[in-house]
Amino acid sequence: MSSRALATAKRNLGRLHQSSTAFLLCDIQERFRPEIYAFESVVSVAQKMARASKILSIPLIVTEQYSKGLGHTASEIDISHAAIVEEKSKFSMFTEPVSKKLQDLSIKSVVLFGIESHVCVMQTCLDLLENDYDVHVLADGVSSMNFPEADIALKRMGSCGAHVVSSESVLFQLTNDAANPNFKAISSLVKEFREHSKSSKLLFKAGIPAQAQL
């Protein structure tokens, strides 16, 4: 192996493969609807990713935090095909049943989205990293009640080794090639949600210069 190949092998480039990837939807529940910054943007990305999981045959793993008090997953998101819907009290999604499901499915990479960025999402990310999973956090798919918490959490997760990415980037990385039999379906899905993406408060954030948003 060349020195260049060895150097690349030592780096975690964050490659995603359909056969070893799972989507993790964290606690996008009804009670949070009026409380979370840009909740509608989080839901839109979750809808897109849930539908993509069907197209790509990628396992969807869903958790709900104390659903008796916080309600179930937002009704707009179709989770009927989820590999597991786990009720939890622990903040992290990495419960024993979820851990077992990831092992049973031979998952190596996880795409993580949901709420709140600085609590359940971040603790899930850290647990996954600690257990040698490759974690991709969707910057356009996570939020918090206090919006600045989201940026702080994304920086923390990135500094710990997670890949902070966008939902569209992930979907095209998973298809990889226009010759992929799922490419047209994924491309159509992305186009369907493009207007939502253009108006996303999570992609076009406060603090980004106006000229950068044009």
Exercise. Consider only side-chain heavy atoms of I, L, V, M, F, W and Y, link residues closer than 4.5 Å, and tell whether Ile61 and Leu129 are in one cluster.
Key: yes
Quiz item: Do you reckon Phe91 sits in the same ILVMFWY cluster as Val98, going by side-chain contacts under 4.5 Å, direct or chained?
Solution: no
Practice problem: Considering only NZ, NE, NH1 and NH2 on the basic side and carboxylate oxygens on the acidic side, decide whether Asp132 and Lys108 come within less than 4.0 Å. | Solution: no
Quiz item: Is Lys155 salt-bridged to Asp151, cutoff N-O under 4.0 Å?
Solution: no
Does a side chain donor of either [X] or [Y] reach within less than 3.5 Å of an acceptor in the other side chain?
X: Gln29; Y: Thr73; answer: no
X: Ser167; Y: Lys48; answer: yes
X: Ser99; Y: Gln103; answer: yes
X: Ser109; Y: His17; answer: no
X: Thr63; Y: Asp27; answer: yes

Measuring only between side-chain heavy atoms, which start at C-beta, is [X] closer than 4.5 Å to [Y]?
X: Val137; Y: Val165; result: no
X: Leu25; Y: Phe113; result: yes
X: His163; Y: Asp134; result: yes
X: Glu86; Y: Glu64; result: no

Quiz item: By ring-ring contact (aromatic ring centres under 6.0 Å, His included), which residues pair with His196, not counting sequence neighbours?
Solution: Phe193
Practice problem: Check the pair Leu70, Phe32 against side chain to side chain contact (heavy atoms under 4.5 Å, CB included), reporting the backbone distance first and the verdict last. | Solution: CA-CA 7 Å; Leu70 298 174; Phe32 290 116; 3.8 Å; yes
Please find the pair of heavy atoms, one from [X] and one from [Y], that lie closest to each other, and give the distance.
X: Leu102; Y: Leu128; value: CD1-CD2, 3.9 Å
X: Ser89; Y: Gln65; value: O-NE2, 2.7 Å
X: Lys88; Y: Cys120; value: NZ-SG, 3.8 Å
X: Leu60; Y: Ala50; value: CD2-CB, 4.1 Å
X: Ile36; Y: Glu116; value: CD1-CG, 3.7 Å

Practice problem: Please report the C-alpha distance between Arg33 and Glu40 in whole Å, then the side-chain angles of each, then the deciding distance to 0.1 Å, and finally whether the salt bridge (charged side-chain N to carboxylate O under 4.0 Å, His left out) criterion is met. | Solution: CA-CA 8 Å; Arg33 191 178 291 273; Glu40 68 282 357; over 6 Å; no
Self-check item: Arg15, CZ: over 12 other non-hydrogen atoms inside 6.0 angstrom
Solution: no
Quiz item: Is the number of heavy atoms from other residues, nucleotides or ligands within 6.0 Å of NZ (Lys90) greater than 12?
Solution: yes
Practice problem: For the pair Arg51 and Glu192, evaluate salt bridge (charged side-chain N to carboxylate O under 4.0 Å, His left out) and give the outcome as yes or no after the intermediate values. | Solution: CA-CA 12 Å; Arg51 286 173 58 184; Glu192 181 182 339; 2.8 Å; yes
Quiz item: Gln173 side chain to Leu16 main-chain N or O, any donor-acceptor pair under 3.5 Å?
Solution: yes
Exercise. Please name the residue in the list Ser117, Ser143, Ser144 that meets the side chain to side chain contact (heavy atoms under 4.5 Å, CB included) test with Tyr37.
Key: Ser143
Quiz item: Roughly how far, to the nearest 0.5 Å, is CG of Leu112 from CE of Met49?
Solution: 10.5 Å
Quiz item: Once you round to the nearest 0.5 Å, how far does CD1 of Ile58 lie from OG of Ser53?
Solution: 7.5 Å
Practice problem: Could you check whether the rings of Phe172 and Phe183 sit parallel, tilted or perpendicular, using 30° and 60° as the cut-offs? | Solution: tilted
Quiz item: Under the side chain to side chain donor-acceptor pair (under 3.5 Å) rule, what pairs show up with a residue in residues 120-131, not counting sequence neighbours?
Solution: Ser92-Asp127
Practice problem: Could you walk me through whether Met122 and Arg156 pass side chain to side chain contact (heavy atoms under 4.5 Å, CB included), step by step? | Solution: CA-CA 8 Å; Met122 189 178 75; Arg156 167 85 189 275; 3.5 Å; yes
